[in-house]
Asks: 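Pasting in a structure now, in C-alpha coordinates, and then I'll have a few things to ask.
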Amino acid sequence: MGKQSEKKISANRTKIIITVLLVVTFVALAVTIWALFFRNTGPALAPDYAPQKEEEYAEPVTGDSEEKMEVSKGGGAVSMVYQKEVHISLSDNKANLMFQNPSKSVNDIVLQLVIISEDGTETVIAQSGTLSPGYEIEQLDLIKDAAKLSVGDYTGRYNVLYYDPDSGEKAVLNGNIEGIKITVTD
(Lines give C-alpha, C1' and ligand atoms only; values in the text may rest on other atoms or scores of the structure.)
Protein backbone atom coordinates (compact mmCIF):
# COMPACT_ATOMS: atom_id res chain seq x y z
CA MET A 1 0.00 0.00 0.00
CA GLY A 2 1.05 3.51 -0.67
CA LYS A 3 1.46 6.44 1.64
CA GLN A 4 -1.72 8.09 0.34
CA SER A 5 -3.93 5.10 1.22
CA GLU A 6 -2.39 4.98 4.71
CA LYS A 7 -3.14 8.69 5.14
CA LYS A 8 -6.78 8.12 4.03
CA ILE A 9 -7.20 5.27 6.56
CA SER A 10 -5.64 7.40 9.29
CA ALA A 11 -7.89 10.36 8.37
CA ASN A 12 -10.98 8.09 8.43
CA ARG A 13 -10.04 6.74 11.89
CA THR A 14 -9.54 10.27 13.17
CA LYS A 15 -12.99 11.31 11.85
CA ILE A 16 -14.62 8.28 13.49
CA ILE A 17 -12.90 8.97 16.82
CA ILE A 18 -13.92 12.65 16.71
CA THR A 19 -17.52 11.69 15.86
CA VAL A 20 -17.71 9.18 18.75
CA LEU A 21 -16.25 11.74 21.17
CA LEU A 22 -18.78 14.36 20.04
CA VAL A 23 -21.68 11.90 20.55
CA VAL A 24 -20.41 10.94 24.03
CA THR A 25 -19.97 14.62 24.94
CA PHE A 26 -23.50 15.42 23.73
CA VAL A 27 -25.02 12.55 25.77
CA ALA A 28 -23.08 13.59 28.89
CA LEU A 29 -24.22 17.18 28.45
CA ALA A 30 -27.86 16.10 28.01
CA VAL A 31 -27.75 13.94 31.17
CA THR A 32 -26.17 16.80 33.15
CA ILE A 33 -28.83 19.28 32.02
CA TRP A 34 -31.59 16.79 32.89
CA ALA A 35 -30.09 16.11 36.35
CA LEU A 36 -29.70 19.81 37.16
CA PHE A 37 -32.97 21.19 35.85
CA PHE A 38 -35.58 18.51 35.24
CA ARG A 39 -35.09 15.77 37.82
CA ASN A 40 -37.41 15.91 40.84
CA THR A 41 -35.07 15.39 43.79
CA GLY A 42 -37.58 16.01 46.60
CA PRO A 43 -36.60 16.63 50.21
CA ALA A 44 -34.12 14.67 52.27
CA LEU A 45 -36.19 11.88 53.73
CA ALA A 46 -34.56 11.54 57.12
CA PRO A 47 -32.35 14.36 58.29
CA ASP A 48 -29.68 13.31 60.82
CA TYR A 49 -30.46 16.31 63.01
CA ALA A 50 -33.82 17.87 63.77
CA PRO A 51 -34.62 20.94 61.71
CA GLN A 52 -33.59 24.11 63.54
CA LYS A 53 -36.96 25.59 62.68
CA GLU A 54 -39.83 24.82 65.02
CA GLU A 55 -43.00 23.84 63.18
CA GLU A 56 -44.76 27.09 62.24
CA TYR A 57 -48.25 25.58 62.64
CA ALA A 58 -47.52 23.96 66.03
CA GLU A 59 -49.84 24.91 68.86
CA PRO A 60 -49.82 23.83 72.51
CA VAL A 61 -52.00 20.81 73.21
CA THR A 62 -54.90 22.05 75.35
CA GLY A 63 -55.49 20.26 78.66
CA ASP A 64 -52.22 18.32 78.37
CA SER A 65 -50.25 18.41 81.61
CA GLU A 66 -49.06 14.84 82.06
CA GLU A 67 -45.65 14.13 83.59
CA LYS A 68 -42.81 12.97 81.36
CA MET A 69 -42.57 9.23 80.80
CA GLU A 70 -39.91 7.32 82.75
CA VAL A 71 -36.84 6.67 80.62
CA SER A 72 -33.64 4.80 81.39
CA LYS A 73 -30.32 6.46 80.59
CA GLY A 74 -29.75 6.59 76.84
CA GLY A 75 -33.37 5.70 76.07
CA GLY A 76 -36.35 7.63 74.85
CA ALA A 77 -40.12 7.55 75.02
CA VAL A 78 -42.74 9.02 72.77
CA SER A 79 -46.49 9.14 73.02
CA MET A 80 -48.57 10.14 70.00
CA VAL A 81 -52.16 11.04 69.32
CA TYR A 82 -53.27 11.21 65.69
CA GLN A 83 -56.10 10.75 63.24
CA LYS A 84 -55.72 8.47 60.23
CA GLU A 85 -57.55 10.83 57.88
CA VAL A 86 -55.88 13.68 56.02
CA HIS A 87 -57.66 16.21 53.82
CA ILE A 88 -55.67 18.07 51.18
CA SER A 89 -56.93 21.23 49.53
CA LEU A 90 -55.24 21.83 46.19
CA SER A 91 -56.34 25.49 46.19
CA ASP A 92 -54.71 26.10 49.62
CA ASN A 93 -51.76 23.74 48.96
CA LYS A 94 -52.15 22.43 52.53
CA ALA A 95 -52.73 19.11 54.24
CA ASN A 96 -55.23 19.23 57.12
CA LEU A 97 -54.56 16.58 59.76
CA MET A 98 -54.37 16.05 63.51
CA PHE A 99 -51.10 14.93 65.11
CA GLN A 100 -50.02 15.50 68.72
CA ASN A 101 -46.74 14.99 70.54
CA PRO A 102 -48.13 15.00 74.12
CA SER A 103 -46.17 16.59 76.96
CA LYS A 104 -45.36 13.18 78.48
CA SER A 105 -43.11 12.42 75.46
CA VAL A 106 -39.40 12.95 75.92
CA ASN A 107 -38.43 13.30 72.23
CA ASP A 108 -39.01 15.92 69.57
CA ILE A 109 -40.75 14.71 66.42
CA VAL A 110 -40.60 15.53 62.72
CA LEU A 111 -43.67 14.29 60.86
CA GLN A 112 -43.68 13.35 57.18
CA LEU A 113 -46.80 12.67 55.14
CA VAL A 114 -46.10 10.07 52.45
CA ILE A 115 -48.39 9.21 49.56
CA ILE A 116 -48.19 5.68 48.13
CA SER A 117 -49.15 5.34 44.47
CA GLU A 118 -50.78 2.28 42.94
CA ASP A 119 -47.41 1.04 41.65
CA GLY A 120 -45.93 1.26 45.18
CA THR A 121 -43.94 4.45 44.63
CA GLU A 122 -43.65 6.46 47.84
CA THR A 123 -43.41 10.25 47.79
CA VAL A 124 -43.05 12.58 50.77
CA ILE A 125 -45.63 15.32 50.08
CA ALA A 126 -45.38 17.26 53.38
CA GLN A 127 -42.87 17.52 56.22
CA SER A 128 -43.16 19.36 59.50
CA GLY A 129 -40.52 21.30 61.34
CA THR A 130 -39.64 20.20 64.87
CA LEU A 131 -42.68 19.33 66.98
CA SER A 132 -41.72 19.47 70.66
CA PRO A 133 -43.52 17.57 73.42
CA GLY A 134 -46.78 19.27 74.37
CA TYR A 135 -47.49 20.54 70.85
CA GLU A 136 -49.80 19.53 68.03
CA ILE A 137 -50.26 20.34 64.37
CA GLU A 138 -53.44 20.53 62.35
CA GLN A 139 -52.00 21.55 58.97
CA LEU A 140 -48.84 21.27 56.91
CA ASP A 141 -47.80 22.98 53.70
CA LEU A 142 -47.40 20.62 50.76
CA ILE A 143 -43.89 20.34 49.37
CA LYS A 144 -43.78 22.21 46.08
CA ASP A 145 -43.63 19.85 43.09
CA ALA A 146 -43.32 16.75 45.30
CA ALA A 147 -46.21 15.06 43.51
CA LYS A 148 -48.83 15.93 40.94
CA LEU A 149 -52.02 15.31 42.90
CA SER A 150 -55.50 15.28 41.44
CA VAL A 151 -58.88 15.17 43.17
CA GLY A 152 -59.55 11.76 44.71
CA ASP A 153 -58.63 9.35 47.48
CA TYR A 154 -55.12 8.07 48.15
CA THR A 155 -53.39 5.70 50.54
CA GLY A 156 -50.65 7.15 52.65
CA ARG A 157 -48.41 6.81 55.67
CA TYR A 158 -46.94 8.98 58.41
CA ASN A 159 -43.19 8.72 58.89
CA VAL A 160 -42.46 9.75 62.47
CA LEU A 161 -38.84 10.75 63.00
CA TYR A 162 -37.66 11.09 66.61
CA TYR A 163 -34.93 13.47 67.80
CA ASP A 164 -33.20 14.11 71.10
CA PRO A 165 -34.46 17.52 72.30
CA ASP A 166 -31.07 18.48 73.81
CA SER A 167 -28.61 17.43 71.10
CA GLY A 168 -31.01 17.39 68.13
CA GLU A 169 -29.57 14.01 67.08
CA LYS A 170 -31.81 11.58 65.27
CA ALA A 171 -32.93 8.55 67.27
CA VAL A 172 -31.96 5.10 66.06
CA LEU A 173 -35.56 3.93 65.91
CA ASN A 174 -38.27 5.77 64.00
CA GLY A 175 -41.90 4.92 63.37
CA ASN A 176 -44.35 4.52 60.53
CA ILE A 177 -48.10 4.76 60.81
CA GLU A 178 -49.65 2.89 57.90
CA GLY A 179 -53.16 3.14 56.47
CA ILE A 180 -53.56 6.91 56.34
CA LYS A 181 -56.55 7.84 54.16
CA ILE A 182 -55.75 10.96 52.13
CA THR A 183 -58.61 12.81 50.44
CA VAL A 184 -57.69 15.47 47.88
CA THR A 185 -60.18 18.19 46.93
CA ASP A 186 -60.03 21.35 44.83
Side-chain angles (χ1 to χ4, degrees), residues 34-35 38-64 66 69 76-165 168-186:
W34 170 80
F38 300 105
R39 184 174 58 159
N40 184 5
T41 58
L45 293 181
D48 289 336
Y49 287 88
Q52 295 295 314
K53 182 179 170 195
E54 292 284 327
E55 173 53 43
E56 67 180 301
Y57 297 118
E59 296 181 9
V61 176
T62 56
D64 182 23
E66 297 182 58
M69 300 169 86
V78 175
S79 174
M80 295 173 279
V81 178
Y82 57 88
Q83 290 180 346
K84 290 183 94 170
E85 291 186 11
V86 174
H87 298 278
I88 294 177
S89 169
L90 293 175
S91 60
D92 292 340
N93 207 35
K94 293 194 184 313
N96 296 303
L97 51 96
M98 194 286 289
F99 194 94
Q100 295 178 351
N101 185 9
S103 60
K104 66 182 180 176
S105 295
V106 298
N107 289 87
D108 290 342
I109 289 176
V110 171
L111 180 69
Q112 294 178 330
L113 178 59
V114 178
I115 206 159
I116 303 168
S117 66
E118 291 178 5
D119 67 359
T121 303
E122 300 177 359
T123 306
V124 177
I125 60 170
Q127 179 173 304
S128 74
T130 302
L131 187 62
S132 299
Y135 285 84
E136 67 181 346
I137 50 175
E138 294 184 357
Q139 68 179 355
L140 289 173
D141 292 326
L142 296 179
I143 296 171
K144 185 180 179 185
D145 297 327
K148 302 293 182 214
L149 298 175
S150 56
V151 173
D153 293 329
Y154 296 85
T155 301
R157 176 180 75 223
Y158 289 137
N159 288 341
V160 186
L161 310 173
Y162 308 113
Y163 295 89
D164 181 278
E169 288 184 36
K170 184 177 177 207
V172 175
L173 183 63
N174 292 295
N176 295 326
I177 301 169
E178 303 288 340
I180 304 300
K181 181 183 177 197
I182 301 171
T183 303
V184 178
T185 59
D186 283 328

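Each residue takes its place number in the sequence, starting with 1.
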Asks: Kindly say whether His87 contributes a backbone atom to a donor-acceptor pair with the side chain of Lys94 at under 3.5 angstrom?
Replies: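 A pair under 3.5 Å: no.
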
Asks: Tell me, with the steps shown, if Asn176 and Asn159 meet side chain to side chain contact (heavy atoms under 4.5 Å, CB included).
Replies: CA-CA 5 Å; Asn176 295 326; Asn159 288 341; 2.8 Å; yes

Asks: Closer than 3.5 angstrom, by distance alone: can the side chain of Asn174 be matched with the main-chain N or O of Tyr162 as a donor-acceptor pair?
Replies: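 Yes, Asn174 side chain to Tyr162 backbone: donor-acceptor pair under 3.5 Å.
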
Asks: Please examine the side chains of Ile109 and Met80, heavy atoms only from C-beta on, and report whether any two atoms are closer than 4.5 Å.
Replies: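 Yes; the side chains approach each other to less than 4.5 Å.
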
Asks: Please name all residues satisfying salt bridge (Lys or Arg N to Asp or Glu O under 4.0 Å) with Glu56, sequence neighbours left out, ordered by chain then number.
Replies: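 Lys53.
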
Asks: Quick one: do Val86 and Tyr154 satisfy side chain to side chain contact (heavy atoms under 4.5 Å, CB included)? Show the steps, please.
Replies: CA-CA 10 Å; Val86 174; Tyr154 296 85; over 6 Å; no

Asks: Evaluate the side-chain proximity of Ile180 to Leu97: yes if any heavy-atom separation is below 4.5 Å, no if none is.
Replies: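 A side-chain contact under 4.5 Å is absent here.
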
Asks: Mind checking the CG-CG spacing from Leu142 to Leu113? Nearest 0.5 Å is all I need.
Replies: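 Rounded to the nearest 0.5 Å, the CG-CG separation comes out at 8.0 Å.
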
Asks: Can you check whether Leu111's main-chain N or O pairs, donor with acceptor, with Ser128's side chain at less than 3.5 Å?
Replies: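 The answer is yes, because a donor-acceptor pair under 3.5 Å joins these two groups.
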
Asks: Distance-only, no hydrogens or angles: does the Asn101 side chain make a donor-acceptor pair with backbone N or O of Leu131 under 3.5 Å?
Replies: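 Yes; judged by distance alone, with no hydrogens or angles, the pair exists.
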
Asks: Over all heavy atoms of both residues, which pair between Ser105 and Ser79 is shortest? Give the atoms and the distance, please.
Replies: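 The answer is OG-N, 2.8 Å.
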
Asks: With sequence neighbours left out, what residues match Asp119 under side-chain hydrogen bond (donor to acceptor under 3.5 Å, both in side chains)?
Replies: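 Asp119: side-chain hydrogen bond (donor to acceptor under 3.5 Å, both in side chains) contacts with Ser117, Thr121.
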
Asks: Evaluate the side-chain proximity of Ile177 to Phe99: yes if any heavy-atom separation is below 4.5 Å, no if none is.
Replies: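 The answer is yes; the side chains approach within 4.5 Å.
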
Asks: What's the spacing between Arg157 CZ and Ile182 CD1 if we round to 0.5 Å?
Replies: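 If I round to the nearest 0.5 Å, the distance is 10.5 Å.
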
Asks: Looking only at heavy atoms, what is the nearest atom pair of Tyr135 and Pro60, with distance?
Replies: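 Closest approach of Tyr135 to Pro60: CD2-N, 3.5 Å.
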
Asks: Is the closest side-chain heavy-atom distance between Pro102 and Val61 below 4.5 Å?
Replies: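 They are not in contact (no side-chain heavy atoms under 4.5 Å apart), so the answer is no.
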
Asks: Working to the nearest 0.5 angstrom, can you tell me the gap between Gln83 CD and Lys181 NZ?
Replies: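 That separation rounds to 12.5 Å.
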
Asks: Output yes when a side-chain donor or acceptor of Thr185 lies under 3.5 Å from a complementary backbone atom of Ser89, and no otherwise.
Replies: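 Checking the backbone N and O of Ser89 against the side chain of Thr185, no donor-acceptor pair under 3.5 Å is found.
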
Asks: To the nearest 0.5 Å, how far apart are CD in Gln100 and CD in Glu138?
Replies: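 These two atoms lie 8.5 Å from each other.
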
Asks: Rounded to the nearest 0.5 Å, how far does OG1 of Thr183 lie from CG of Asp153?
Replies: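 If we round to the nearest 0.5 Å, Asp153:CG and Thr183:OG1 are 4.5 Å apart.
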
Asks: Just say parallel, tilted or perpendicular for the rings of Tyr82 and Tyr158, cut-offs at 30° and 60°.
Replies: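 Correct class here is perpendicular.
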
Asks: What I'd like to find out is whether the side chain of Ile115 reaches to under 4.5 Å of the side chain of Leu149, using heavy atoms alone.
Replies: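 Yes, close enough: below the 4.5 Å cut-off.
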
Asks: Under 3.5 Å, is there a donor-acceptor pair between the side chain of Asn93 and the main chain of Lys144?
Replies: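 A pair under 3.5 Å: no.
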
Asks: Verify, without hydrogens or angle tests, whether Ser132 (side chain) and Asp108 (backbone) share a donor-acceptor contact under 3.5 angstrom.
Replies: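 No, because the side chain of Ser132 does not come within donor-acceptor range (under 3.5 Å) of the backbone of Asp108.
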
Asks: If you round to the nearest 0.5 Å, how far is CD of Gln112 from CD of Gln127?
Replies: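 It is 4.5 Å, given to the nearest 0.5 Å.
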
